[in-house]
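Structure record follows, encoded as C-alpha cells.
In this chain, residues are counted from 1 in sequence order. Atom set for the values below is all heavy atoms of this structure, side chains included, hydrogens, waters and symmetry mates excluded.
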Amino acid sequence: MITKSSVHIKKEWDIVGARQMGRELAKDLGFGTVDQARITTAISELARNIYLYAGSGQIMFEIVEDLNKKGLKIIAVDKGPGIQDVSKVMEDGFSTSGGLGAGLPGVKRLMDYFDIDSAPDKGTVITTIKWVR
Ligand SMILES: Nc1ncnc2c1ncn2[C@@H]1O[C@H](COP(=O)(O)OP(=O)(O)OP(=O)(O)O)[C@@H](O)[C@H]1O
Ligand SMILES: [Mg+2]
C-alpha cells in the first residue's frame, strides 16, 4: 500500500486533483461518507489558500498507523508570504482577501488535529490529521 503521496498545487484545477486523491485515500482507509466529505472539504480549503495566497505549493498525504488507530495526515506546504499573525487567522471571519474567513477555522473543526507553522516570507506548513473511528 502506498503510504505517502502528494499533489502539486499550481493551477485552480489542481484543487480538484487534491480532493480526488484525498477522497480515494480516505475511502481506502475505511472512512465513512460523512468523514470523506469532511476530509475533502478540508483539502479544498487548504489547497485554495495555497493557490490564492502563495501561488503554488503542495498537498501531501500520509497514512498514519499506530497500534490501535489509523488515520489520514494531510500536510499543506507552501513557500509563499507566510501568515503574520497565526492566532488572528484562526478567528472566524478574518480574511485579507475579502473572503468569508471561514476556511482555516473550518478546517480545524473538521479535522481531529490541526497545527500551523508559518513565518513571514518563509511560507506556511499546515498539518492536520483525521482518525478513522
Ligand atoms: N497558505 C497561506 N499563505 C499565506 N496566507 C494565508 C495562507 N492561508 C491563509 N492565509 C491567510 O489567512 C487568512 C484566513 O484564511 P481563511 O482560509 O480562514 O479565510 P479566507 O481564505 O480569507 O476566506 P475563505 O477561506 O472563507 O474564503 C487569509 O485571508 C490569508 O490572509
Ligand atoms: Mg481560505
Side-chain angles (χ1 to χ4, degrees):
M1 188 161 85
I2 301 164
T3 55
K4 271 189 188 181
S5 40
S6 68
V7 176
H8 204 80
I9 306 297
K10 209 171 167 190
K11 340 183 246 4
E12 198 165 17
W13 188 248
D14 295 330
I15 299 167
V16 178
R19 282 177 66 99
Q20 276 166 355
M21 182 170 287
R23 185 183 293 277
E24 206 72 5
L25 288 166
K27 218 189 279 176
D28 289 350
L29 267 165
F31 283 103
T33 51
V34 174
D35 272 346
Q36 287 174 35
R38 290 188 176 110
I39 288 165
T40 50
T41 301
I43 293 167
S44 290
E45 294 299 332
L46 294 171
R48 184 162 299 281
N49 282 353
I50 289 175
Y51 173 72
L52 283 177
Y53 306 116
S56 67
Q58 265 187 307
I59 298 288
M60 299 176 2
F61 299 97
E62 233 176 277
I63 288 158
V64 283
E65 266 184 299
D66 141 345
L67 273 181
N68 41 34
K69 57 182 179 179
K70 55 184 179 164
L72 183 60
K73 185 190 271 191
I74 299 158
I75 311 168
V77 185
D78 68 65
K79 291 190 161 46
I83 294 170
Q84 297 284 339
D85 186 339
V86 170
S87 61
K88 206 150 210 143
V89 300
M90 293 314 295
E91 288 170 16
D92 270 309
F94 178 84
S95 175
T96 58
S97 67
L100 288 177
L104 291 176
V107 172
K108 185 172 184 180
R109 282 191 289 264
L110 291 166
M111 301 296 284
D112 296 322
Y113 172 86
F114 180 94
D115 178 66
I116 298 187
D117 184 10
S118 185
D121 299 321
K122 289 226 174 90
T124 302
V125 179
I126 298 176
T127 304
T128 71
I129 302 174
K130 189 85 183 162
W131 297 108
V132 181
R133 57 196 98 242

- Cluster partners of V16, using ILVMFWY side-chain heavy atoms under 4.5 angstrom, listed by chain and number?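 Noted: V16 shares its cluster with W13.
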
- Hydrophobic cluster partners of L100 (side-chain heavy atoms under 4.5 Å):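 Members other than L100 - counting any ILVMFWY side chain reachable under 4.5 Å - there are none.
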
Which atom pair, heavy atoms only, marks the closest approach of [X] to [Y]?
X    : Y    : result
V107 : A42  : CG2-O, 3.8 Å
V7   : G17  : CG2-O, 4.2 Å
G30  : V132 : O-CG1, 4.1 Å

- Message: Rounded to the nearest 0.5 Å, what separates atom CD in Q20 from atom OG1 in T40?
- Response: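 Rounded to the nearest 0.5 Å, the CD-OG1 separation comes to 10.5 Å.
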
- Query: Could you give the distance from NZ (K108) to CG (D92), rounded to the nearest 0.5 Å?
  - Reply: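 These two atoms lie 11.0 Å from each other.
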
Joint hydrophobic cluster, [X] plus [Y], side-chain heavy atoms closer than 4.5 Å:
X    : Y    : answer
F114 : I50  : yes
I63  : L46  : yes
I116 : M111 : yes

So, using side chain to side chain donor-acceptor pair (under 3.5 Å) as the criterion, who are the partners of [X] when residues are at least two apart?
X    : value
D117 : none
T41  : none
D112 : R133
E12  : R48

- Task: With sequence neighbours left out, write down each residue that passes salt bridge (charged side-chain N to carboxylate O under 4.0 Å, His left out) with K122, or none if nothing qualifies.
- Result: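 In terms of salt bridge (charged side-chain N to carboxylate O under 4.0 Å, His left out), with neighbours along the sequence ignored, K122 is linked to no residue.
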
- Item | Set of residues satisfying salt bridge (charged side-chain N to carboxylate O under 4.0 Å, His left out) with respect to R38, sequence neighbours excluded |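 For R38, the residues satisfying salt bridge (charged side-chain N to carboxylate O under 4.0 Å, His left out) (neighbours in sequence not counted) are D35.
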
Quick one: side chains of residues 70-86, donor-acceptor pairs under 3.5 Å with protein atoms, not counting sequence neighbours, listed by atom name and distance.
residue : atom : partner : partner atom : Å
K70     : NZ   : L29     : O            : 3.3
D78     : OD1  : G80     : N            : 2.9
D78     : OD1  : T124    : N            : 3.4
D85     : OD1  : S87     : N            : 3.2
D85     : OD1  : S87     : OG           : 2.9
D85     : OD1  : K88     : N            : 3.3

- Beyond-backbone contact of D14 with Y51, side-chain heavy atoms, under 4.5 angstrom: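 Side-chain contact under 4.5 Å: no.
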
- Query: Heavy-atom distance under 4.5 Å between the side chains of F31 and L25, does that happen here?
  - Reply: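 SC-SC contact between F31 and L25 ruled out.
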
- Message: For a side-chain contact (heavy atoms from CB on, under 4.5 Å) check, start with the C-alpha distance between I126 and L104, then their side-chain angles and the critical distance, and finish with the verdict.
- Response: CA-CA 10 Å; I126 298 176; L104 291 176; 3.7 Å; yes

Side chains of residues 52-62: which donor-acceptor partners sit under 3.5 Å, not counting sequence neighbours?
residue : atom : partner : partner atom : Å
Y53     : OH   : S97     : OG           : 2.8
Q58     : NE2  : S6      : OG           : 3.1

- Item | Residue pair E45, L110: steps toward the side-chain contact (heavy atoms from CB on, under 4.5 Å) verdict | CA-CA 11 Å; E45 294 299 332; L110 291 166; over 6 Å; no

- Item | Non-neighbouring partners of D66 that pass side-chain contact (heavy atoms from CB on, under 4.5 Å), sequence neighbours left out |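 D66: side-chain contact (heavy atoms from CB on, under 4.5 Å) contacts with N68, K69.
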
- Message: Using a 3.5 Å distance criterion without hydrogens, assess whether the side chain of T128 forms a donor-acceptor pair with backbone atoms of Y113.
- Response: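 Checking the backbone N and O of Y113 against the side chain of T128, no donor-acceptor pair under 3.5 Å is found.
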
